[in-house]
Amino acid sequence: MVQKNLCRLLLTTDLSNRDIGQRCNISHNTAGRYRQRLREEGLTWDQISELPQEALDARLNNVRERIKKRFEEPDWSHV
């Protein structure tokens, strides 16, 4: 539920990331990350308000999965 409230504040107010972070009890960096993801996805509050929580979470937090790099074993014969 915090995610939807966070998205509502980001999309419907002119509050700063710090103000929104304080209201939602999260870091201002997290608020900024969500703001950026909302822009990237082109989502509006009307679209988000209808999404189930799981779908919203998957849509906004999939960046972590894309950033993770698979560990590659070094070529020990070269090392």
Task: Non-hydrogen atoms of Gly32 and Asn17 that approach each other most closely - done: CA-ND2, 3.3 Å
Task: Atom pair CG (Leu10) and CH2 (Trp45), whose distance is rounded to the nearest 0.5 Å - done: 10.5 Å
Task: Side-chain heavy atoms of Asp19 within contact of Gln22, under 4.5 Å - done: yes
Task: Side-chain donor/acceptor of Arg37 to backbone N/O of Leu60, under 3.5 Å - done: yes
Open item on the list: Donor-acceptor check, side chain of Gln47 to backbone of Thr44, threshold 3.5 angstrom: yes or no?
Closed with: yes
Task: Polar side-chain atom of Thr30 near backbone of Ile26 as donor-acceptor pair, under 3.5 Å - done: no
TODO: Answer yes if the side chains of Ser77 and Asp75 hold a donor-acceptor pair under 3.5 Å, and no otherwise.
DONE: yes
Task: Residue pair Arg33 / Asn61, side-chain donor-acceptor N/O under 3.5 Å - done: yes
Open item on the list: Please report the interatomic distance CG(Asp57) to CG(Leu51), rounded to the nearest 0.5 Å.
Closed with: 11.0 Å
TODO: Write down the atom of Ala31, the atom of Gly21, and the distance for their closest heavy-atom approach.
DONE: CB-N, 4.4 Å
TODO: For residues Leu15 and Arg35, report the shortest heavy-atom separation together with the two atoms involved.
DONE: O-NH2, 3.1 Å
- [ ] For Glu73, look at atom CD and say whether over 12 heavy atoms of other residues, nucleotides or ligands are found less than 6.0 Å away.
- [x] yes
TODO: Compare every heavy atom of Leu11 with every heavy atom of Leu43, then report the nearest pair and how far apart it is.
DONE: O-CD2, 3.8 Å
Open item on the list: For the CD1 atom of Ile20 and the CG atom of Asn25, what is their distance to the nearest 0.5 Å?
Closed with: 14.0 Å
Open item on the list: To the closest 0.5 Å, what do you measure between CD1 (Ile48) and CD (Gln3)?
Closed with: 9.5 Å
Task: Check: Gln53 main-chain N/O paired with Lys4 side-chain donor or acceptor under 3.5 Å - done: no
